[in-house]
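Some notes on the structure that comes next.
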Protein chains: 2
Amino acid sequence: MTKLNRFRNNEKLIKYGDPEWQKAYEQGLLDIHFEHIGHGKLKDQHGHEFINMISCSYLGLDTDKRILQGAQDGIAKSSTLLMGSSRLRLQPKILYEAESSLADLYGATAITNVSCGVMSCGVLPLIASGHMTDTGPVTMVFDKHAHFSMNVAKPICADEAEVLTAPHNDLNYLEDICKQHDRVAYVCDGIYSMGDKLPIKDLLTLQEKYGLFLYIDDSHGLSVYGEKGEGYARSMLEEVNSKTMIVGSLWKGLGARGSVLMLGAKDKLEIIKRHGGGSAWSQYLTTADCGAILASAEIHRTSELHELQRKLQKNIQLLDELIPNEQNGSDFPIRVLRFGEPDKAIERSYKLYQKGYYASAVFFPVVERGKAGIRIMMRANLTEEQIREFASLVKEMSYE
Amino acid sequence: MTKLNRFRNNEKLIKYGDPEWQKAYEQGLLDIHFEHIGHGKLKDQHGHEFINMISCSYLGLDTDKRILQGAQDGIAKSSTLLMGSSRLRLQPKILYEAESSLADLYGATAITNVSCGVMSCGVLPLIASGHMTDTGPVTMVFDKHAHFSMNVAKPICADEAEVLTAPHNDLNYLEDICKQHDRVAYVCDGIYSMGDKLPIKDLLTLQEKYGLFLYIDDSHGLSVYGEKGEGYARSMLEEVNSKTMIVGSLWKGLGARGSVLMLGAKDKLEIIKRHGGGSAWSQYLTTADCGAILASAEIHRTSELHELQRKLQKNIQLLDELIPNEQNGSDFPIRVLRFGEPDKAIERSYKLYQKGYYASAVFFPVVERGKAGIRIMMRANLTEEQIREFASLVKEMSYE
């Protein structure tokens, strides 16, 4: 029998990770049902009002009335939400329009899907089997901190090619692999979910030197960075070349829904549609999703985007002034305040929630064991008053 | 190095499958962008009008105005499309309402996700590792014809337990496996996408005898069968017991979007939410999706559902009278007319499209090689006139 647990181990994951989830659950920190009561304020099922400090809607577009109207118009104009056939054969005009708009915005061929996980589970195996490079199998190197939505595809890729895990951001390790193997692809985040960036320039040097293929999930970077909100990775590239793919969530920055893949190899689009997993046989974006994308993309084409990006940066700077932290000075909106043990993190999160701010307790497997803390996200539509009040509540607590 | 291609082989798949897709593409049978122009009629990007004969919206609910209004109301009421946090922590009230409504409709604990693929990639590995049964690893037996959306998870499951593939509907093979292994789960469709049914009663006998766990994708059965549209599999069960899970698409029958998992083991719900893949870290249903589910579920609670089910059966019977076929007499809405070679199927599909009816050419890997044909779906909102015209066009062609 083949060796088990090469890439995952539910037994360990649940044994070590679940007790903390259970504690958070028992403290009432999970499974909160909210209503949006205006101005970014939420109310839970017990009537408790709070500010969401873990929203990845960094520009605050998730409650933007124009985007909501766009979603409603998408339904009305198309007179269906989702028609029951594969998009490979029949797709609503508005899906074509939404993808064209994204392609224009990002200056690259673009295809959408319902989530980054579905996109990555479909596309990564095609990279592994060499069908994105017209070669034989490609050695797949996943960064150790690559997001779950890509890691889930490791065993799938491993049925098509060799799969390795690289220490986080370790380009020496990666270069050694490039020297030892003819064809290598690197699977990584543009912005990691605990807040550090991809060394993209050094990776481009490796690409030039060894033909390294890059698959980057830039979900936390879209909208936050770039003249048109094209994201951290895309804004560092002159063009998306045929050896680079960027996947990103349309949910976080854009306030819409779904995922987008930017690719340089336009001639590979049909292969992805036909053989890229869910693209061919599963549900695609609804007319509401497409309408929201179209409306959000319009906002991204105006100077309003830059105003929102500036507001976000101002809020990030304010938070850093008020709460010194290990990520101080970064332009990235995520901050993790470490408490070491999960119990402490859960207790702090509970206290903050009681005082009207939801900040997540994070622990294994989201972060390494012994590095638990609370994670918060800044966004453009938090007020100075809210950030100051939150900071003063945090300052009453000890953190590392 | 570990053996490759135990469960998938892109090289073979694309080598044998892609040339036919390419031919279909060149004939203009793929990538059609449609507008719905009313009464189920679509118009493509060249102005050509046609009837969609491959819609899985079996009850015709994908254009139902009440469901579209429900989707729009869901957005307006929630004043967001999707809020940027994990649903594990914060979820909109309307998601809770939609899941409660489905749980009530199906008489089982229910959780939703964006697609059946995401649900299966999350839940199947938890079955494999024994976390749905509080046991050690479980031998996973996939039916050879199980849908792509489950097969994609085979290598993932194989990193947690042994994975086997059973000949289609071969319960002798399955019983032998049950005799040889302490714990077995069977992964299968309720209704297979080429139109045959799961032998559910015999499977329940195996469950009683050997404790067999059943994971059934009943996407083509939901709404079409059952007093409340609970589907083929659910309607054959008195209750969903703790060793049975049914996943289904909310897209096909219900005219909404997303997937639902019905489960008997209510105490496993939190484990699924926390460790079931995308449920914890990915996008969930939008407020539009939830609004559509709520509106569709209301229709499923009335006698209108039974009228639609009857209309569908009448249309299926009419088609069978007009076009004798190998599935004649089945109450299932899919029919495959075999032409043997893919070229013939593509040619027939092209001719039908020219005359105003889109019917898919199907070939490897959708069906076995040498068994190409055209696949059509009946639905409640096709008129007798349309079915008669379509049948007379088909009768002008030779098929097996």
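Quick note on labels: first sequence line is chain A, next is B, and so on, each numbered from 1.
Interface residue A/Leu29: only backbone heavy atoms are found under 4.5 Å from chain B. Looking at A/Gln22, both its backbone and its side chain come within 4.5 Å of chain B, counting heavy atoms on both sides. Contact annotation for B/Ser360: both backbone and side-chain heavy atoms come within less than 4.5 Å of a heavy atom of chain A. Contact annotation for A/Val114: both backbone and side-chain heavy atoms come within less than 4.5 Å of a heavy atom of chain B. In this structure, the portion of B/Ala256 lying under 4.5 Å from any heavy atom of chain A is its backbone and not its side chain. Interface residue A/Tyr358: only side-chain heavy atoms are found under 4.5 Å from chain B. Looking at A/Ser193, there are no atoms closer than 4.5 Å to chain B (heavy atoms on both sides), in backbone or side chain. Contacts between A/Ile271 and chain B at a heavy-atom distance below 4.5 Å involve the side chain alone, from C-beta outward. For A/Ile94, no part lies under 4.5 angstrom from a heavy atom of chain B. Only the side chain of A/Lys273 comes within contact range of chain B, judged by heavy atoms closer than 4.5 Å.
If you take CD1 on B/Ile32 and CD on A/Gln91, they are separated by 10.0 Å, rounding to the nearest 0.5 Å. The CG atom of A/Asn113 sits 8.0 Å away from atom OG of B/Ser115, with the distance rounded to the nearest 0.5 Å. In this structure, B/Asp62 CG and A/Met83 CE are separated by 4.5 Å, a value rounded to the nearest 0.5 Å. Atom CG of B/Leu68 is separated from atom CD of A/Gln72 by 12.0 Å, given to the nearest 0.5 angstrom.
Pairing each heavy atom of A/Asn10 with each of B/Ser129, the nearest pair is ND2-OG, 2.9 Å. Between A/Lys93 and B/His33 the shortest heavy-atom distance is CA-CB, 4.4 Å.
Most heavy-atom pairs under 4.5 Å with chain B, from the set A/Leu95, A/Thr63, A/Ile75: that is A/Ile75. Residue with the most contacts toward chain B among A/Gly278, A/Ser149, A/Gly255: A/Ser149 (heavy-atom pairs, distance under 4.5 Å). Ranked by heavy-atom pairs shorter than 4.5 Å toward chain B, the options A/Val118, A/Asn9, A/Leu61 are led by A/Asn9. Contact tally against chain B (heavy-atom pairs below 4.5 Å) for A/Cys56, A/Gly117, A/Pro125: the top residue is A/Pro125. The choice from B/Ser78, B/Ser282, B/Gly17 that makes the most heavy-atom pairs within less than 4.5 Å of chain A is B/Ser282. Comparing A/Glu270, A/Glu35, A/Arg274 by how many heavy-atom pairs each has under 4.5 Å with chain B, the most go to A/Arg274. Heavy-atom pairs under 4.5 Å with chain A were tallied for B/Ala76, B/Ser57, B/Pro92, B/Ser55; the largest tally goes to B/Pro92. In terms of non-hydrogen atom pairs under 4.5 Å with chain B, the most contact-rich of A/Gly258, A/Gly136, A/Ser86, A/Ala71 is A/Gly258.
Between the side chains of B/Ser79 and A/His36, a donor-acceptor pair is found at a separation under 3.5 Å. Between B/Asp18 and A/His275, the side chains place a donor N or O and an acceptor N or O closer than 3.5 Å (distance only, hydrogens not considered).
Scanning for side-chain contact (heavy atoms from CB on, under 4.5 Å) contacts around B/Thr135 gives B/Thr133, B/Val138, B/Arg183, with sequence neighbours left out. Remark: A/Ser85 pairs with B/Asn52 by the side chain to side chain donor-acceptor pair (under 3.5 Å) rule, at least two apart or across chains.
Side chains of B/Glu11 and A/Glu160 form no contact here, defined as non-hydrogen atoms less than 4.5 Å apart. With a 4.5 Å cut-off on side-chain heavy atoms, A/Phe50 and B/Leu90 count as touching. Counting only heavy atoms from C-beta outward, the side chains of A/Leu81 and B/Trp251 never approach each other to under 4.5 Å.
We find that A/Arg87 and B/Asp31 are not joined by a salt bridge, their nearest charged nitrogen and carboxylate oxygen being 4.0 Å or further apart.
The side-chain tip of A/Arg89 does not point at the ring of B/Phe34 from less than 6.0 angstrom away and within 45° of straight on.
More than 12 heavy atoms of other residues, nucleotides or ligands sit less than 6.0 Å from atom CZ of B/Phe148.
Proximity to chain A at a heavy-atom threshold of 4.5 Å picks out B/Gln283, B/Tyr284, B/Leu285, B/Thr286, B/Ala288, B/Asp289, B/Ala292 from residues 283-292 of chain B, in numerical order.
Between B/His147 and A/Trp281, the two ring planes are perpendicular [angle over 60°; tilted spans 30° to 60°].
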Would you tabulate the side-chain donor-acceptor contacts of residues 151-159 of chain B under 3.5 Å, counting partners in other chains and residues two or more places apart, or write 'none'?
from: B/Asn151; atom 1: ND2; to: B/Ala146; atom 2: O; distance (Å): 2.9
from: B/Lys154; atom 1: NZ; to: B/Thr165; atom 2: OG1; distance (Å): 2.8
from: B/Asp159; atom 1: OD1; to: A/Asn5; atom 2: N; distance (Å): 3.0
from: B/Asp159; atom 1: OD1; to: A/Arg6; atom 2: N; distance (Å): 2.8
from: B/Asp159; atom 1: OD2; to: A/Arg6; atom 2: N; distance (Å): 3.3
from: B/Asp159; atom 1: OD2; to: A/Phe7; atom 2: N; distance (Å): 2.6
from: B/Asp159; atom 1: OD2; to: A/Arg8; atom 2: N; distance (Å): 3.0

